[in-house]
Engineer: 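Mind looking over this structure? Questions follow.
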Amino acid sequence: MAIRHGRGVAAINYPTGMNLGGDPTQALVHSTPTGNFMVSLSSVDLGQGMKQIMAQICAETIGVPTERVIVDTADTDTGPHCMGTFASRGTHRAGNAVIQAAREARQVMLEVAAEALEVDAGDLETDGTGNIQVKGAPSKSISIFDTALIAHFKLGRSISGRGMFLVPRSYPEAATGAMKPSTCYAHACTVADVEVDDETGEVTVLSVKNVFEIGRALNPKMVEQQLVGGSWMGISHALYETTEPYYPAREHGPTDFNEYLMPGPGDLAKTEVIVLERPAADGPYGAKGPGEMCANPQIPAIANAIFDAVGVRIDTLPITPERILRALKADGAAAHRGR
């Protein structure tokens, strides 16, 4: 009986969105009288930071500081149309819609500023700090705050824009069934090192090294946090979490996280994340987004590492000590019969 070491590798690619029905998302952007900008979406933030990213995208497009943008994720009764926050589509689909809406709002803003400065709108630019200025003559400028006041109280104009991002629906070819369900894919590779006690079946994950290609990281720190958290979630799916035996009947299921089996801080492995940026041609500023992919490759990597350590394949999740011991026992019995 011994503690055995194993290393496993797994690589995946993951589609952005599901284009089986067109996959549209709409965004609305408008300015308040104080020169702040409101983004209205029905794409909800599930905790992955989508509100922050949409604020950055809107601010970059209009040319204002990010703190001047407020993102409102309304419900389906009051908000613009959205297919939903799923299939790793939030950043890509909603981001493109926000860009379209923000460009339209920016154009109206420049037209109002052009009338106030008595110049052509095409001669204006934003300085990124809250002002609109004449290209090559920054001293001739007007604040976005004053521009918004003029639009609302003098010209009666709404500084607003609408955006709808729609990937054309992909229909399967009659002869082959081939189709294109996604316009871009993210990629990942994980290397997991584990120790397996072949007497108890206990698995200790020593380290998990992840490489992710996610397009452009619009907020690198948030991307890192999401990828590290996703890596821990992958470990949890591989070794701990299960809906059995209480699904679909919950009479004997856990009532809270004190009873639901999941890793604690001492069970989490040393985790390394490397981000490769390869901007997507149709992504908002090249982004695809980490999405669900961040918790996927760790599962097969850990399964492969266990096989490398003790020579048995476990094809049911979670990979519990009991399942490892049963597999080792069956493997030993098979070897004995073979002899």
Engineer: Would Leu261 and Ile306 show up in the same hydrophobic cluster when neighbours are defined by side-chain heavy atoms closer than 4.5 Å?
Structural biologist: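 Hydrophobic grouping puts Leu261 with Ile306.
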
Engineer: To the nearest 0.5 angstrom, please state how far the OG1 atom of Thr73 sits from the CG atom of Asp45.
Structural biologist: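 It comes to 7.0 Å.
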
Engineer: Linking I/L/V/M/F/W/Y whenever any side-chain heavy atoms sit under 4.5 Å apart, do Ile53 and Tyr285 land together?
Structural biologist: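 Result: yes, single cluster for both.
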
Engineer: Val108 and Ile62: same hydrophobic cluster, using ILVMFWY side-chain contacts below 4.5 Å?
Structural biologist: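 Same cluster.
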
Engineer: Please report the shortest heavy-atom distance between Pro297 and Ala10, naming the atom on each side.
Structural biologist: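 Shortest heavy-atom separation between Pro297 and Ala10 comes out as O-CB, 3.5 Å.
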
Engineer: Once side chain to side chain donor-acceptor pair (under 3.5 Å) is applied, do any residues pair with Ser42, and if so which ones, sequence neighbours excluded?
Structural biologist: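 Expected list: none.
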
Engineer: Would you check if Val208 and Glu272 make a side-chain contact, meaning some heavy-atom pair closer than 4.5 Å?
Structural biologist: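 Side chain of Val208 against side chain of Glu272, heavy atoms only: no contact under 4.5 Å found.
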
Engineer: Could you tell me whether the side chain of Arg68 and the main chain of Phe37 form a donor-acceptor pair under 3.5 Å?
Structural biologist: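 Flag not set: sc Arg68 to bb Phe37 has no pair under 3.5 Å.
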
Engineer: Measure the NE2-CD distance between His81 and Gln26 for me, rounded to the nearest 0.5 Å.
Structural biologist: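 These two atoms lie 8.0 Å from each other.
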
Engineer: Carefully, step by step, assess Trp232 and Met262 under the rule side chain to side chain contact (heavy atoms under 4.5 Å, CB included).
Structural biologist: CA-CA 10 Å; Trp232 293 346; Met262 56 196 303; over 6 Å; no

Engineer: Please find the pair of heavy atoms, one from Ile235 and one from Tyr240, that lie closest to each other, and give the distance.
Structural biologist: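 Answer, listing the atom of Ile235 first, then Tyr240: O-CD1, 4.0 Å.
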
Engineer: With respect to Val98, which candidate in Thr25, Ile57, Leu28, Val71 satisfies the side-chain contact (heavy atoms from CB on, under 4.5 Å) definition?
Structural biologist: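 Among Thr25, Ile57, Leu28, Val71, the one that satisfies the side-chain contact (heavy atoms from CB on, under 4.5 Å) with Val98 is Ile57.
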
Engineer: Can you name the residues that form a side chain to side chain contact (heavy atoms under 4.5 Å, CB included) with Val273, not counting sequence neighbours?
Structural biologist: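 Val273 satisfies side chain to side chain contact (heavy atoms under 4.5 Å, CB included) with Asn210, Phe212, Leu227, Val228, Thr271, Val275 once adjacent residues are dropped.
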
Engineer: Hydrophobic clusters here meaning ILVMFWY residues chained together by side-chain heavy-atom distances under 4.5 Å, can you tell me if Ile99 and Leu218 are in one?
Structural biologist: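 In one cluster with Ile99: Leu218, yes.
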
Engineer: So, the side chain of Asn296 versus the backbone of Gly234: is there a donor-acceptor pair under 3.5 Å, distance only?
Structural biologist: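 Checked: no pair found.
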
Engineer: Once rounded to the nearest 0.5 Å, what's the spacing between atom CD1 of Ile214 and atom SG of Cys294?
Structural biologist: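 Rounded to the nearest 0.5 Å, the CD1-SG separation comes to 10.0 Å.
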
Engineer: Are Thr66 and Gln56 close enough, and set up right, to give a side chain to side chain donor-acceptor pair (under 3.5 Å), and what steps lead you there?
Structural biologist: CA-CA 5 Å; Thr66 303; Gln56 289 181 216; 6.0 Å; no

Engineer: Sequence neighbours left out, what passes side chain to side chain contact (heavy atoms under 4.5 Å, CB included) with Glu111? Give chain and number order.
Structural biologist: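 If we apply the side chain to side chain contact (heavy atoms under 4.5 Å, CB included) test to Glu111, skipping adjacent residues, the hits are Gln107, Ala121, Arg157.
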
Engineer: Does Gly163 offer a backbone N or O that forms a donor-acceptor pair with the side chain of Glu104 under 3.5 Å?
Structural biologist: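 A pair under 3.5 Å: no.
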
Engineer: Among all residues two or more places apart in sequence or in another chain, which pass the side chain to side chain contact (heavy atoms under 4.5 Å, CB included) test with Val312?
Structural biologist: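 Per chain and number, Val312 pairs via side chain to side chain contact (heavy atoms under 4.5 Å, CB included) with Val310, Ile314, Ala327, Leu328, Asp331.
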
Engineer: Can you see which heavy atom on Thr200 is nearest to which on Pro321, and at what distance?
Structural biologist: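 Shortest heavy-atom separation between Thr200 and Pro321 comes out as O-CB, 3.4 Å.
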
Engineer: So with a 6.0 Å cut-off around CE of Met50, is the heavy-atom count from everything else above 12?
Structural biologist: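 Enclosed.
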
Engineer: Given 3.5 Å as the limit, does a donor-acceptor pair link the side chain of Asp267 with the main chain of Gly264, or not?
Structural biologist: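 Yes, the answer is positive, given that a donor and an acceptor are paired below the 3.5 Å cut-off.
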
Engineer: Heavy atoms, side chains only, cut-off 4.5 Å: are Thr190 and Lys209 in contact?
Structural biologist: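 Of all side-chain heavy-atom pairs linking Lys209 with Thr190, none is under 4.5 Å.
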
Engineer: Indicate the atoms forming the closest heavy-atom contact of Tyr14 with Glu292, along with that distance.
Structural biologist: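 Here Tyr14 and Glu292 meet closest at OH-OE1, 3.1 Å.
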
Engineer: With a cut-off of 6.0 Å (strictly less than), are more than 12 heavy atoms of other residues, nucleotides or ligands near CD of Glu199?
Structural biologist: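 No, because the 6.0 Å sphere around CD of Glu199 holds 12 heavy atoms or fewer from other groups.
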
Engineer: Does Gly17 offer a backbone N or O that forms a donor-acceptor pair with the side chain of Arg89 under 3.5 Å?
Structural biologist: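 No.
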
Engineer: Check whether more than 12 heavy atoms from other residues, nucleotides or ligands sit under 6.0 Å from atom CD of Gln133, and answer yes or no.
Structural biologist: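 More than 12 heavy atoms, drawn from other residues, nucleotides or ligands, come within 6.0 Å of this atom.
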
Engineer: What I'd like to find out is whether the side chain of Thr204 reaches to under 4.5 Å of the side chain of Leu206, using heavy atoms alone.
Structural biologist: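 Heavy-atom side-chain distance check passes, below 4.5 Å.
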
Engineer: Going by side chain to side chain donor-acceptor pair (under 3.5 Å), name the pairs with one or both residues in residues 308-318, residues two or more places apart or in two chains.
Structural biologist: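 Found Asn304-Arg313.
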
Engineer: Using 4.0 Å as the upper bound for N to carboxylate O, is an ion pair formed by Arg4 and Asp198?
Structural biologist: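 Salt bridge flag = yes for Arg4 with Asp198.
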
Engineer: Nearest 0.5 Å, what's the OG-CD distance between Ser231 and Gln226?
Structural biologist: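 CD of Gln226 is found 12.5 Å from OG of Ser231.
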
Engineer: With no hydrogens and no angle check, is any side-chain donor or acceptor of Asp127 less than 3.5 Å from a backbone partner on Asn131?
Structural biologist: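 Side chain of Asp127 to backbone of Asn131, a donor-acceptor pair under 3.5 Å: yes, one is there.
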
Engineer: Main chain of Thr16, side chain of Ser182: is a donor-acceptor contact present, judged purely on distance under 3.5 Å?
Structural biologist: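 Such a contact is found between Ser182 side chain and Thr16 backbone.
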
Engineer: Kindly write out the residues that satisfy side chain to side chain donor-acceptor pair (under 3.5 Å) with Arg326, not counting sequence neighbours, or none if the list is empty.
Structural biologist: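 For Arg326 the side chain to side chain donor-acceptor pair (under 3.5 Å) partners, ignoring immediate neighbours, are Glu322.
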
Engineer: NE2 of His237 to CG of Leu317: how many Å apart, nearest 0.5 Å?
Structural biologist: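 Atom-to-atom, His237:NE2 and Leu317:CG are 9.5 Å apart.
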
Engineer: Between CZ of Arg106 and CG of Leu110, what distance do you get to the nearest 0.5 Å?
Structural biologist: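 Reported to 0.5 Å precision, the distance equals 5.0 Å.
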
Engineer: Checking Lys51 side chain against Asp72 main chain: does a donor-acceptor pair fall under 3.5 Å?
Structural biologist: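 It does not hold such a pair.
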
Engineer: Answer yes or no: does atom CZ of Arg323 have more than 12 heavy-atom neighbours from other residues, nucleotides or ligands under 6.0 Å?
Structural biologist: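 Counting other residues, nucleotides and ligands, CZ of Arg323 exceeds 12 neighbours.
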
Engineer: Please determine whether a side-chain nitrogen of the Lys or Arg among Glu125 and Lys135 lies less than 4.0 Å from a carboxylate oxygen of the Asp or Glu.
Structural biologist: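 Looking at Lys135 together with Glu125, the answer is no, because their closest N to O distance does not fall below 4.0 Å.
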
Engineer: If you count the non-hydrogen atoms of other residues, nucleotides and ligands that lie under 6.0 Å from CD in Glu195, is the total more than 12?
Structural biologist: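 Buried by this count: over 12 neighbours within 6.0 Å.
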
Engineer: Would the distance check show the side chain of Gln225 and the main-chain N or O of Val223 forming a donor-acceptor pair, the cut-off being under 3.5 Å?
Structural biologist: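 Checked: no pair found.
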
Engineer: Please determine whether the number of non-hydrogen atoms from other residues, nucleotides or ligands lying under 6.0 Å from atom CD of Glu259 exceeds 12.
Structural biologist: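 Above 12, so yes.
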
Engineer: Do Phe145 and Val69 land in one hydrophobic cluster if side-chain heavy atoms of ILVMFWY residues count as linked below 4.5 Å?
Structural biologist: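 Different clusters: Phe145 never reaches Val69 through Ile, Leu, Val, Met, Phe, Trp or Tyr contacts under 4.5 Å.
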
Engineer: Are the side chains of Ser31 and Asn36 in touch, meaning some heavy atoms are under 4.5 Å apart?
Structural biologist: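 Answer no - side chains too far apart.
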
Engineer: What's the shortest heavy-atom distance between Val29 and Ala101, and which atoms?
Structural biologist: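 That closest heavy-atom pairing would be CG2-CB, 3.6 Å.
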
Engineer: Give the minimum heavy-atom separation between Asp120 and Ala114, together with the two atoms involved.
Structural biologist: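 Result for this residue pair: C-CB, 3.9 Å.
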
